[in-house]
Amino acid sequence: MKKVEAIIKPFKLDEVKEALQEIGLQGITVTEAKGFGRQKGHTELYRGAEYVVDFLPKVKLELVVDDGMVEKAIEAISASAKTGRIGDGKIFVSAVEEAVRIRTGETGSEAI
């Protein structure tokens, strides 16, 4: 099993969710986040005063998938979250040693 974490632009959330559902994945955790990468924020003008917005709004998606679905999940997220502009986000993949469904006690792939 692998944990796929993706940081994306908030307005792309619905497209990404639909893309993941189309490939048969269900079960996703969404967290609102703020951050910056290479873009390092930007400057805005408010009532004549200039200020720096260095933490930009992002959405963090987390899903745990079987090893065989990792590439499909990455492709679905990449294709649906891409705008071609700076700040599109990142995808991280890490190993998951165990998963347990609290309600039933199922473990491993059955739990996800």
I8 CD1 to T83 OG1 distance, which is reported to the nearest 0.5 Å: 11.0 Å
K3: salt bridge (charged side-chain N to carboxylate O under 4.0 Å, His left out) partners, not counting sequence neighbours: E62
Using a strict 4.0 Å threshold on nitrogen-to-oxygen distance, state whether E110 and R101 make a salt bridge. no
With side chain to side chain contact (heavy atoms under 4.5 Å, CB included) as the test, pick out the partner of L63 among I112, L20, V30. L20
Should E5 and K60 count as side-chain neighbours, where that means a heavy-atom distance under 4.5 Å? yes
Answer yes or no: is there a side-chain heavy-atom contact under 4.5 Å between L13 and L61? yes
Contacts of S78 meeting side-chain contact (heavy atoms from CB on, under 4.5 Å) (sequence neighbours excluded), chain-then-number -> I74, I91
For V100, the side-chain contact (heavy atoms from CB on, under 4.5 Å) test, sequence neighbours excluded, returns E98, T107
One pair to check against side-chain contact (heavy atoms from CB on, under 4.5 Å): D67 and K2. What are the steps and the verdict? CA-CA 6 Å; D67 291 340; K2 302 283 188 206; 3.3 Å; yes
Are I28 and V93 connected into the same hydrophobic cluster when the rule is that any two of I, L, V, M, F, W, Y join if their side-chain heavy atoms are below 4.5 Å apart? yes
Show every salt bridge (charged side-chain N to carboxylate O under 4.0 Å, His left out) that has at least one partner inside residues 15-24, sequence neighbours left out. K12-E15
At their closest point, which heavy atom of A19 faces which heavy atom of A76, and how far apart are they? CB-O, 3.9 Å
Report the residues that fulfil salt bridge (charged side-chain N to carboxylate O under 4.0 Å, His left out) with K9, sequence neighbours left out, ordered by chain and then residue number. D88
side-chain contact (heavy atoms from CB on, under 4.5 Å) filter on P10, not counting sequence neighbours, yields P57, V59
Inter-residue atom distance I23.CD1 - K72.NZ, 0.5 Å rounding: 7.0 Å
Give the C-alpha distance, both sets of side-chain angles, the deciding distance and a yes or no for side-chain contact (heavy atoms from CB on, under 4.5 Å) between M69 and L25. CA-CA 8 Å; M69 290 296 288; L25 290 177; 3.9 Å; yes
